[in-house]
Amino acid sequence: MGSGVCVVGSLNVDYVVRADALPGRGETILGESFRTCLGGKGANQAVAAARLGAQVTLLGAVGDDAHGAALREGLAADRIDLRHLRIRKDAPTAVAFITVARGGENMIVVSPGANGTLRPADVESAEESIRNARILVAQLEVPLDAVARAAEIAAEAGVPFLLNAAPARRLDSELLEWVRFLVVNEEEARAVSGRGGERPGRCAEEILDLGASAAVVTLGAEGAIFLDAHGLRRQDAFRVDALDAVGAGDAFVGAFAVALAEGMKVDRALRFACAAGALATTKEGAIPSLPRRPEVDRLCRP
Ligand code: ADP
């Protein structure tokens, strides 16, 4: 039996076209390969945690359509508990249209669809799952009032709340005071802290001043830093042959949540999360690149 992770977040279907270059305004170009993949930060992080051995419940919303069915099937295959996944008649499943140019530069339009319909009442009807979890995880691709309600329920029940503040925005102290761990990448750290141009450590200090108990800033190939009232810790990245960074951040968040749910100390949890992030860069895509427990344990071994 794994430890319980409750994720509140988004589910999308991504349409990915590769092309030589990005089209100009009003221009039509011929692309190359095309594929559809399951995504959304909520779905990705739920799968990341499930593949590392946690029992995962995902609270979110999809449309009553083929995309929603594909997501349900894919997530069920990773043994994610979908009993609180809402199926909307009046909103389509979210889709992301992604064009990737040869150099890796991309252009993305997301239609939030059902993700935008998640309400505090949906979260309340899943209250038991939040209260019984070892950790609550959320991101910012679903409405903030739903995230805030989940955070409040978790706080009342003494369940730690990990917020991955992506896409980044300024947040009220009222929400941040419920956050035990705020996890962001370097750019997001600047946006959340309002400290454009500052070093990650300085942004992390500001995030603590704003109310979060601890801040984790992921630094790509430089690893990650962790700051709380006891001070700063740093974890170097694992050396791997990185192929595609997509999914690394979600692998990190899912793994960090699992580590904390299992009661690992912060240093070990950071190492575990960096190993998962590194492994996700060695394969293409988000969900297909999320590693399984034995690989992460192997890489973590001293
Ligand atoms: P995001 O994808 O959200 O921008 P990062 O790029 O910071 O997040 O990646 C998350 C974590 O994944 C990093 O903290 C690091 O541990 C790992 N990681 C990312 N890129 C690499 C890389 N090139 N080599 C090794 N580890 C990496």
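Atoms within each ligand, like the ligands themselves, are counted from 1 in listed order.
- Listed by number with element, the atoms of ligand 1 under 4.0 angstrom from any heavy atom of Ala242 are 23 (N).
- Remark: ligand 1 atoms within the under-4.0 Å shell around heavy atoms of Gly277 are 12 (O), 17 (C).
- Remark: among candidates Ala248, Ala224, Gly247, Gly220, the nearest residue to atom 13 (C) of ligand 1 is Gly220, based on non-hydrogen atoms.
- Contact annotation for Thr281 and ligand 1: only side-chain heavy atoms (C-beta onward) come within less than 4.0 Å of the ligand.
- The proximity of Ala237 to ligand 1, defined as any non-hydrogen pair under 4.0 Å, is limited to the side chain.
- Where the criterion is an N or O separation shorter than 3.5 Å, residue side chain and backbone included, Thr218 meets it with respect to ligand 1.
- The shortest side-chain heavy-atom distance between Leu52 and Phe272 falls under the 4.5 Å cut-off.
- Annotation: the span from Glu206 atom CD to Arg190 atom CZ amounts to 14.0 Å, rounded to 0.5 Å.
- Contact check on Glu124 versus Arg149 returns a salt bridge, with a Lys/Arg side-chain nitrogen under 4.0 Å from an Asp/Glu carboxylate oxygen.
- Cluster annotation: Val253 and Val192 are assigned to distinct hydrophobic clusters (Ile/Leu/Val/Met/Phe/Trp/Tyr, side-chain heavy-atom contacts under 4.5 Å, transitive).
- Of the inter-residue distances, the one linking Ile80 atom CD1 with Leu11 atom CG reads 9.0 Å to the nearest 0.5 angstrom.
- Counting atoms of ligand 1 from 1 in the listed order, those under 4.0 Å from a heavy atom of Asn185 are 1 (P), 3 (O), 4 (O).
- Residue contact check: Gly223 has heavy atoms under 4.0 Å from atoms 13 (C), 14 (O) of ligand 1.
- Atoms of ligand 1 lying under 4.0 Å from any heavy atom of Leu219, numbered from 1 in the order shown and given with element: 7 (O), 14 (O).
- The distance criterion of under 3.5 Å between nitrogen or oxygen atoms is met by Gly249 with respect to ligand 1.
- Taken together through direct or relayed side-chain contacts under 4.5 Å among Ile, Leu, Val, Met, Phe, Trp and Tyr, Val142 and Leu82 form parts of separate hydrophobic clusters.
- Considering both main-chain and side-chain atoms, Val240 never comes within under 3.5 Å of ligand 1 through any nitrogen or oxygen pair.
- Remark: minimum distance from atom 16 (O) of ligand 1 to any protein heavy atom is reached at Cys274 SG, 3.3 Å.
- Shortest contact from atom 11 (C) of ligand 1 to any protein heavy atom: Phe252 CD1, 4.0 Å.
- With rounding to the nearest 0.5 Å, the separation of CG in Leu144 from CG in Leu118 is 12.0 Å.
- Protein heavy atom in closest approach to atom 25 (C) of ligand 1: Phe238 O, 3.1 Å.
- For residues 90-143, the pairs satisfying ring-ring contact (aromatic ring centres under 6.0 Å, His included) are Tyr15-Phe97, with sequence neighbours left out.
- Residue pairs meeting the ring-ring contact (aromatic ring centres under 6.0 Å, His included) criterion with at least one partner in residues 172-226, sequence neighbours excluded, are Phe181-Phe256.
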